[in-house]
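Below is one structure, written out as structure tokens, with a few remarks after it.
Letters A, B, ... are given to chains in the order of the sequence lines, protein chains preceding strands, and every chain is numbered from 1. Computation of the quantities below employed the complete heavy-atom set of this structure, encompassing side-chain atoms and omitting hydrogens, waters and symmetry-equivalent molecules.
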Protein chains: 2
Amino acid sequence: MPRSGPRLSRIAQSLGVSVATVSNALSGKGRVSAELSARIKKTAEEMGYVPSQAGRALRTGRTGVIGLVLADIANPLFPQIAQAIEFAASEAGYGVLIADSRGASSLQMEAIDRLLERGVDAMIVIPRRGTRIGALGCPVALIDSPSTPGNSVSADHWEAGLAMGQHLRELGHRKVLLLGSGSESNVQNDRLGGIRAALGKEAVCETLWIAHRKPRNGEDFSLGLAGYYARGFTAFATTSDLHALRALSELQRAGISIPSQASVTGFDDLALAEVTSPRLTTMRMDMPRIAELAVKALIERLDLQDVGERMPSSSPVEAAQAKVAMQLVVRDSTAPVTRSLPYQAIQENPAGELRP
Amino acid sequence: MPRSGPRLSRIAQSLGVSVATVSNALSGKGRVSAELSARIKKTAEEMGYVPSQAGRALRTGRTGVIGLVLADIANPLFPQIAQAIEFAASEAGYGVLIADSRGASSLQMEAIDRLLERGVDAMIVIPRRGTRIGALGCPVALIDSPSTPGNSVSADHWEAGLAMGQHLRELGHRKVLLLGSGSESNVQNDRLGGIRAALGKEAVCETLWIAHRKPRNGEDFSLGLAGYYARGFTAFATTSDLHALRALSELQRAGISIPSQASVTGFDDLALAEVTSPRLTTMRMDMPRIAELAVKALIERLDLQDVGERMPSSSPVEAAQAKVAMQLVVRDSTAPVTRSLPYQAIQENPAGELRP
DNA sequence: CTGAAAGCGCTTACAG
DNA sequence: CTGAAAGCGCTTACAG
């Protein structure tokens, strides 16, 4: 038998009272005289009483655990997310069980099932791109882009893109290359769409999708950014600090000085953004706030279930939607445009990138 | 009442057998005729039966959950670790509950307690630097440096340092600057110690500890690496890819070409290592293997407890110790020394950096 | 091969 | 204000 401290019965016995009374005293729901209650609490404390979650769960039907499912834990943003959620959940008295769906959508469903089998009360899912999460039989909060149907909480990526675009615009950039890893991602589309919108019609934007495939050693993995620079692009705006690093590094190596000759921007404020020379101008999500909102929404839903009769269904769509602002972090990788460019009246109208 | 599928009793009832029989059939422990067993399994499947972990936990005293406590989830290596552990654990039928101790040692103990209260069967802790984990009342596997007392599983950081040092040595580097974030970390000391040992007596090594404090905007956060280069250092070996990035970036910006003029190496093979130009030569841990060993050790211990009488105590020290080799990933940031340096017979003997 | 019964630790009506 | 009792869903000896 593993470590199991004293149970309710032991402490009841040692005080000559009933377990019901001990339970009532400890849960502080009144019904027990102040004097006895104090005595019980003291003894429980002394005996190092720790309630059995199993017993409680069996009785109440609640495990006090929230599941966190991630499309891919290896996501560099994951630490921030997990930390924020773990914090918010434990503040609220909940534990966090993780499940990683390592890419594939089928695995995502498996991950969800695993969590469900463990009896999580609710879950937070950060879905794989383009995946749709239906009703799951427990409250679900989706953290994704506001453009994702069923999204519950998220940073406002479009708004953030707008701010980033405006920053670039104010610096005089009129020809910017947009870099992202794929157009299936709502998050990325929103970010880029916002940037493009803020830059306005007088600006020329091109989008370069960077494949995720890792190049072999020796193989050329250049993005040809120097060529874009030569064509007059003065800013390279990306959907992630990782891409920004790639751009920054490639440009620098090609002898283009950042930020005096070209500006580079990222997203997410990863640790690396503070460590490059120059440090990256980026956009930070308020993850703690997002996590707090997601957890709060879930718990409210749970409490509702307690009181009311059966909810019609716990599809994520019904969850309260909330958007959290992102914060522009201006560091050293952006600067005013120095070279004077001929104004190029190029009409650009990228397909399907309008805000939903 | 939240989502609760059919219980054992429902399926027993619908088949006109006892719950005991259903339980026996489903757990596959024999005792039930093949024919009935098959019928039961089929019905359970059809009815979408999912066993209640709470009931099982209450009865067996096991939750089937392993706790994962991290010194700081925001650690860039965390994704790899968490992913590997989640995978190993779920393969073994266990769930993973996370707890973050956000730095402070006191919070580390709190995080552990939180997990204990949730009734985890065992835990894996990646301790904060210089922290010591005592007996906890449940099996514990420590993942740290082998130099840490009580360590259970880890990469062999010294060995890895040796390999990295040898790589540099073979390239002709005899004057290398070592960069790490602090000497309290056994992991870092091991890595650097190994590098130094491989470089041997003829090499000159200096160590530069990089404070973790973040510089304000505008503030100079240069490490003065160009100065070291000027003094004849040809290689910059760091304890982490993040530091390597910082070195690479600073050197490049100072106009020093990598790898033709100086080599830079990292550790951990973070995502960023593949994205810089040149890409970083680094050292990869076999996290899946480490996770697998840690989980396996824990489960063996748990099974032992099942059979044998009370274990004397579950201090981590008793856990099987295992070292996992790291793998050198040679990419483009290292190259043979080109400038010819006068041989400098400088005696170096840094204090307290010997292998324990 | 199958089933009746006990019990894991808790909480919650319900009496007293 | 306090306690006896039921029951959450499971598994495991123990009978039959």
In dot-bracket form, how is DNA chain D paired, counting a Watson-Crick or G-U wobble pair only if both its distances are under 3.5 Å and using | for bases paired to another strand? |||.||||||||.|||
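- A salt bridge between B/R39 and B/E35 is present, with a side-chain N of the basic residue lying under 4.0 Å from a carboxylate O of the acidic one.
- A/L116 places none of its side-chain heavy atoms less than 4.5 Å from the side chain of B/V50.
- Rounded to an integer number of Å, the gap from CD of A/Q13 to C1' of C/dG9 is 14 Å.
- Between the side chain of B/R62 and the main chain of B/L302, a donor-acceptor pair closer than 3.5 Å is present.
- Within the 4.5 Å cutoff, the side chain of B/L115 has heavy atoms near those of the B/L97 side chain.
- When rounded to the nearest whole Å, the span between CG of B/L36 and C1' of C/dG3 equals 12 Å.
- Using a cutoff of 4.0 Å between basic side-chain nitrogens and carboxylate oxygens, A/E46 and A/K42 are scored as salt-bridged.
- Here B/E86 pairs with A/R114 in a salt bridge; the nearest charged N to carboxylate O distance falls below 4.0 Å.
- Residues from residues 40-56 of chain B lying near DNA chain D, meaning a heavy-atom separation below 4.0 Å, are B/Y49, B/P51, B/S52, B/G55, B/R56 in numerical order.
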Evaluate the side chain to side chain contact (heavy atoms under 4.5 Å, CB included) criterion for residues B/V69 and B/I124: first the C-alpha distance (whole Å), next the side-chain angles of each, then the deciding distance (0.1 Å), finally the verdict. CA-CA 6 Å; B/V69 2; B/I124 294 178; over 6 Å; no
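- A 4.5 Å side-chain heavy-atom check between B/F78 and B/L70 finds at least one atom pair inside the cut-off.
- In this structure, CG in B/L68 is found 8.0 Å from CD1 in B/I81, a value given to the nearest 0.5 Å.
- The CZ-P distance, from A/R39 to D/dC1, rounds to 15 Å in whole Å.
- Nearest-nucleotide assignment on DNA chain C puts the 5′-proximal partner with B/S37, out of B/L58 and B/S37.
- A straight line from CG of B/L26 to P of D/dT11 spans 8 Å, rounded to a whole angstrom.
- When each of A/G16 and B/S9 is assigned the nucleotide of DNA chain D bearing its nearest heavy atom, the one mapping closer to the 5' terminus is A/G16.
- Counting to the nearest Å, the P atom of C/dG9 and the CD atom of B/E117 are 17 Å from each other.
- Side chain of B/S37 to main chain of B/S33: no donor-acceptor pair is present (N/O by atom type, distance under 3.5 Å, no hydrogens or angles).
- Contact between the side-chain N/O atoms of A/S33 and the OP1/OP2 oxygens of D/dT2 is found at a separation under 4.0 Å.
- The nucleotide whose nearest atom lies closest to any side-chain atom of A/S18 is, among D/dC8, C/dT11, D/dA4, D/dA4.
- At a cut-off of 3.5 Å, with distance as the only test, no side-chain donor of A/S154 or A/D144 sits close to an acceptor on the other residue.
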Just the table, please: protein N/O against nucleotides 12-16 of chain C N/O, every pair under 3.5 Å.
unit_1, atom_1, unit_2, atom_2, d
C/dT12, OP2, A/K29, NZ, 3.4
C/dT12, O4', A/R59, NH2, 3.1

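- Atom CG in A/L8 sits roughly 13 Å away from atom P in D/dG3 (whole-Å rounding).
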